[in-house]
J.: 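My questions will all concern the structure given below.
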Amino acid sequence: MSRGAFIVFEGLDRAGKSTQVSMLLQALKDRSIPAQKQVFPDRTTAIGGIINDYLAKKVELPSEAVHLLFSANRWECKNSIQESLEKGTTLVVDRYAASGAAYSSVTTGRPLEWCRAPDQGLPAPDLVLFLEVSPEAQKTRPDWGGERFERDETQSKVAKSFRQLATSNWVFVDAGRTKEEVHQDVLDFALKAIEACKQQPIGKLDE
Ligand code: NYM
Ligand code: MG
């Protein structure tokens with residue numbers, strides 16, 4: 001039996017990731033391709049609850065500790081990710097390890113290698129769709145600036161870190177267009193990835 005694809009959306013805050021995740025899931029459903037959504041941080045777990053309080057500025061924690069919590073939040077989902085992919089379900093994921101390294105390299109000031117280390121060994125995405133958005137467009141989107149890290153200066157530094165993390169399975173998508181135009185590109189890349197990884201083993205981050 002063929003496995004599902006591990007498809008991750010990355011990007012700055014308010015790039016339209018959640019919208020594109022929903023549109024892609026619906027399009028896959030319409031084609032009878034089994035698919036499931038996963039969001040990081042997963043705020044529904046015990047660890048996710050602390051992350052949520054930190055982002056909402058309800059608790060203070062050292063940036064390094066928060067970084068490890070974000071990674072732990074992925075590790076607690078490792079088995080379910082693996083099992084879903086193995087049973088043939090494609091995962092459509094809103095943020096993953098690249099967000100962890102890109103944001104924390106800015107907030108901790110530590111090298112990218114340090115930031116990437118805790119995620120080593122987790123299942124690797126087959127496709128990373130990086131949604132590119134301008135600072136002007138970001139600000140026009142609802143709820144901008146409410147959470148920690150939602151500041152222009154932080155976002156432009158995070159954007160640079162993201163670029164340094166890009167590998168051959170990343171594609172950069174211009175998210176400044178209409179959501180339908182963006183979706184057309186996304187769907188095209190996603191369908192190709194689903195086809196291409198069917199008989200491939202699931203990769204691991206940095207191993
Ligand atoms: N974030 C997200 C991190 O700093 N590290 C991580 O590992 C992940 C998954 O959390 N500003 C940051 C990016 C966002 C914030 O995510 C909440 P979202 O997708 O805006 O709900
Ligand atoms: Mg956000």
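This chain uses plain numbering: 1 for the first residue, then up along the sequence. Numbering of ligands and ligand atoms starts at 1, following listing order.
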J.: Does some side-chain heavy atom of Lys204 sit less than 4.5 Å from a side-chain heavy atom of Pro123?
T.: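 They are not in contact (no side-chain heavy atoms under 4.5 Å apart), so the answer is no.
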J.: Which atom name would you report as the N, O or S atom of Asp13 nearest the Mg ion (ligand 2)?
T.: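 Answer by atom name: OD1.
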J.: Considering the options Leu24, Val128, Val171, Ile7, which one meets the side-chain contact (heavy atoms from CB on, under 4.5 Å) requirement together with Phe189?
T.: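 One option only clears the test, and that one is Val171.
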J.: List ligand 1 atoms under 4.0 Å from Arg74, heavy atoms only on the residue side.
T.: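 Taking each heavy atom of Arg74 in turn, ligand 1 has 6 (C), 7 (O), 9 (C) under 4.0 Å.
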J.: Check the angle between the aromatic planes of Trp170 and Phe130 and answer parallel, tilted or perpendicular using the 30° and 60° thresholds.
T.: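 Parallel.
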J.: Looking at atom 18 (P) of ligand 1, what's its closest protein heavy atom, distance included?
T.: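 Heavy-atom neighbour on the protein nearest atom 18 (P) of ligand 1: Arg95 NE, 3.5 Å.
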J.: Starting from atom 20 (O) of ligand 1, what is the nearest protein heavy atom, named by residue and atom, and what distance separates them?
T.: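 It is Asp13 OD1, 3.0 Å.
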J.: Is the number of heavy atoms from other residues, nucleotides or ligands within 6.0 Å of CD (Glu153) greater than 12?
T.: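 Counting neighbours around CD of Glu153, 12 or fewer heavy atoms of other residues, nucleotides or ligands fall under 6.0 Å, so no.
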J.: Closer than 2.8 Å to the Mg ion (ligand 2): does that hold for any N, O or S atom in Glu147?
T.: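 It does not: Glu147 brings no N, O or S atom closer than 2.8 Å to the Mg ion (ligand 2).
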J.: Quick test: of every protein heavy atom, which one is nearest to atom 4 (O) of ligand 1, and how far off is it to 0.1 Å?
T.: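 It is Tyr103 CB, 3.2 Å.
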J.: What part of Arg43 sits under 4.0 Å from ligand 1 if we count only heavy atoms: the side chain, the backbone, both or neither?
T.: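 The side chain, only.
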J.: If you measure from each non-hydrogen atom of Leu55 to ligand 1, which part falls under 4.0 Å: side chain, backbone, both or neither?
T.: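 For Leu55, only side-chain atoms sit under 4.0 Å from ligand 1.
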J.: Kindly compute the distance separating CG (Leu131) from CZ (Phe9), expressed to the nearest 0.5 Å.
T.: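 Rounded to the nearest 0.5 Å, the CG-CZ separation comes to 6.0 Å.
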J.: Could you give the distance from CD (Gln155) to CG (Leu12), rounded to the nearest 0.5 Å?
T.: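 Output value for this atom pair is 5.0 Å.
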J.: Could you list the atoms of ligand 1 found under 4.0 angstrom from a heavy atom of Gly100?
T.: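 Going through ligand 1 atom by atom, the ones under 4.0 Å from Gly100 are 5 (N), 6 (C), 7 (O).
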J.: Show which atoms of ligand 1 fall inside a sub-4.0 Å distance from at least one heavy-atom site of Phe40.
T.: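 The list of qualifying atoms is 9 (C).
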J.: Once you round to the nearest 0.5 Å, how far does CD of Glu86 lie from CD of Glu83?
T.: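 Between Glu86 CD and Glu83 CD, I get 7.5 Å after rounding to 0.5 Å.
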J.: Check if His67 has a non-hydrogen atom at a distance under 4.0 Å from any atom of ligand 1.
T.: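 Per 4.0 Å heavy-atom rule, His67 does not contact ligand 1.
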J.: Among Asn169, Asp126, Val93, which one satisfies side-chain contact (heavy atoms from CB on, under 4.5 Å) with Val8?
T.: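 Answer to the side-chain contact (heavy atoms from CB on, under 4.5 Å) test with Val8 among Asn169, Asp126, Val93: Val93.
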J.: At what distance is the nearest protein heavy atom to atom 6 (C) of ligand 1, and which residue and atom is it?
T.: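 Looking at atom 6 (C) of ligand 1, the protein heavy atom closest to it is Phe70 CD2, 3.2 Å.
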